[in-house]
There are 2 protein chains.
Amino acid sequence: MPDNPIVQSAAAAGMSRYGQIARQLQDGILAGEWPPGSAIPAESALASRFGTALGTIRQAIAVLVQQGLLERVQGKGTFVRNGLSGGLPGASMMRFFRFRAESDGEATATATPMVPRSEILSCRSVRLDKTMAARFALGTGARGLAISRRRWVADHPRLLESIWLPLPGCAALQDIPTAEWGELLYPMLSQHCGITVHRAMDEVTFRPLEAGEAEQLALPASHPCALVTRQAFDIQGQCVEYRLTRGDAYAFRYAAEIR
Amino acid sequence: MPDNPIVQSAAAAGMSRYGQIARQLQDGILAGEWPPGSAIPAESALASRFGTALGTIRQAIAVLVQQGLLERVQGKGTFVRNGLSGGLPGASMMRFFRFRAESDGEATATATPMVPRSEILSCRSVRLDKTMAARFALGTGARGLAISRRRWVADHPRLLESIWLPLPGCAALQDIPTAEWGELLYPMLSQHCGITVHRAMDEVTFRPLEAGEAEQLALPASHPCALVTRQAFDIQGQCVEYRLTRGDAYAFRYAAEIR
DNA sequence: AAGTGGTCTAGACCACGTA
DNA sequence: ACGTGGTCTAGACCACTTT
């Protein structure tokens with residue numbers, strides 16, 4: 001194999017050739033060798049670089065396409081994707097509330113995919129407690145970013161969000177004035193921190209609102225509250241976000257697609 | 001190409017060879033040529049039957065594996081899957097309630113995957129209203145099966161379910177005494193009606209319990225209630241189930257994985 | 001030992017996008 | 001015209017499962 005600048009991965013033994021190549025490409029992508037949106041080298045170039053047949057390269061690329069890390073475009077090339085930056089497919093945070101009359105299920109596409117306006121209430125570095133640090137695979141006493149956000153729909157405060165991010169990785173967010181933050185977190189994580197959200201686990205539960213929360217949502221104290229607990233993971237399975245989202249239970253709608 | 005007993009599909013023009021083969025295999029599977037659980041012919045056999053190279057057959061099979069219709073097992077063969085018969089991956093109806101102490105999110109695997117006991121309250125043929133008939137792609141006035149089910153966990157009634165099924169397809173269920181029904185609907189649909197649930201859309205909302213519902217769940221009237229609306233689809237995208245699940249909002253937990 | 005899928009090769013031609 | 005990915009071929013050898 002000709003020398004190549006790609007970072008070598010740990011696991012190489014007992015792995016198929018295309019698996020090794022997929023891993024090396026993934027490492028290169030994560031290392032920023034090919035930033036999101038850019039194209040990786042052509043199949044033929046990779047084949048000669050790795051010293052394998054074209055088919056083997058295709059198989060390696062297929063793995064990363066399957067993972068959602070790459071995207072193939074005929075006639076143009078193979079591109080690094082931006083992850084779930086635009087919003088999560090499958091379960092939509094866009095359809096959190098019934099803005100419109102009762103939808104009929106199938107009408108997912110017809111509903112306005114309204115993105116709630118985001119108001120950053122606070123964003124500060126905090127010491128993570130033990131369980132939160134463990135979630136991010138950080139040691140005890142590690143620090144993180146604690147973000148408090150309120151989301152508005154048509155001049156009504158609808159959602160209250162508490163977000164925790166691991167701090168070594170997300171430090172770049174601190175340098176951005178909260179006024180300049182976009183409406184969505186994931187594109188910011190992707191652009192400023194090089195973090196790509198690849199998978200998430202949501203859990204929906206129900207409980208009364210606490211006093212402070214109720215006030216910020218203009219609801220009476222102990223009003224029924226829907227709580228969505230989300231953990232987001234990057235391509236390597238590392239937890240990169242812990243989020244609590246709260247809102248009026250009776251104006252709440254959570255959609256999920258299972259396949 | 002040698003003559004083959006496989007049902008010919010409509011779309012053949014402008015489709016890749018492996019796409020055509022995938023379609024023909026799918027038609028054969030849906031037509032019951034290879035029932036769920038059985039193996040389809042070996043790659044080499046298919047290659048000679050269709051008159052293509054092995055790689056083309058592999059590509060066709062890969063499409064159906066991706067769709068979740070087939071499963072490859074090295075050294076044994078390629079098998080027709082039973083769909084989502086055992087319960088849905090991704091979003092789990094098994095973890096609907098907090099049977100145990102607060103889980104820590106990641107601990108999905110450690111939680112007991114307890115299947116609630118199912119009690120069929122009623123199962124009868126009804127005339128579907130316009131929107132329900134449209135869901136099943138049936139004409140106005142079409143009939144369906146309306147099932148009322150209560151689910152128990154450890155001697156407590158926890159869930160109330162109203163299920164609608166399209167009737168021409170699910171008629172076989174009527175012949176089975178409700179006492180002999182299993183705890184899960186999808187395996188029954190698969191075994192008795194040849195219907196495979198492949199994808200589902202859940203929607204979670206909250207509202208007060210209605211009087212009759214509250215009584216059946218041993219809860220006070222107007223108690224907060226979690227409502228999951230599910231539409232299940234077969235491999236062809238046809239809606240094959242509409243289900244409403246209701247339960248105590250305070251004992252509710254809905255988990256979904258997004259990728 | 002025989003049969004299955006898993007991996008890999010070294011080519012070929014086609015369809016698409018861009019210059 | 002050229003480079004890209006999309007499709008396809010006709011083999012090869014390996015790993016796994018069953019007989």
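Note on naming: letters A, B, ... go to the chains in the order of the sequence lines (proteins, then strands), and numbering restarts at 1 for each one. Not measured: the values here are computed from a predicted model.
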Spacing between B:F79 atom CZ and D:dT17 atom P, to the nearest angstrom: 12 Å
Letter per nucleotide, 5' to 3', of nucleotides 7-19 of chain C [B base touched, S only sugar-phosphate touched, - untouched; heavy atoms, 4.0 Å]: BSSB----BBSS-
Sidechain-backbone polar pair: A:E183 side chain, A:S118 backbone, donor-acceptor under 3.5 Å: yes
SB check B:R230 B:E241 (cutoff 4.0 Å): no
C:dG5 OP1/OP2 closer than 4.0 Å to side-chain N/O of B:T78: yes
Between D:dG5 (C1') and A:I40 (CD1): distance, integer Å: 11 Å
What donor-acceptor contacts under 3.5 angstrom involve side-chain atoms of residues 58-70 of chain A, with partners at least two apart or in another chain?
{"from": "A:R58", "atom 1": "NH1", "to": "A:E43", "atom 2": "OE1", "distance (Å)": "2.9"}
{"from": "A:R58", "atom 1": "NH1", "to": "A:E43", "atom 2": "OE2", "distance (Å)": "2.5"}

Those residues that, when tested against B:Q174, pass side chain to side chain contact (heavy atoms under 4.5 Å, CB included) (two or more places apart): B:S125, B:L145, B:L167, B:A171
Minimum-distance pair of heavy atoms, taken over all atoms of B:F233 and B:G237: CD2-O, 3.4 Å
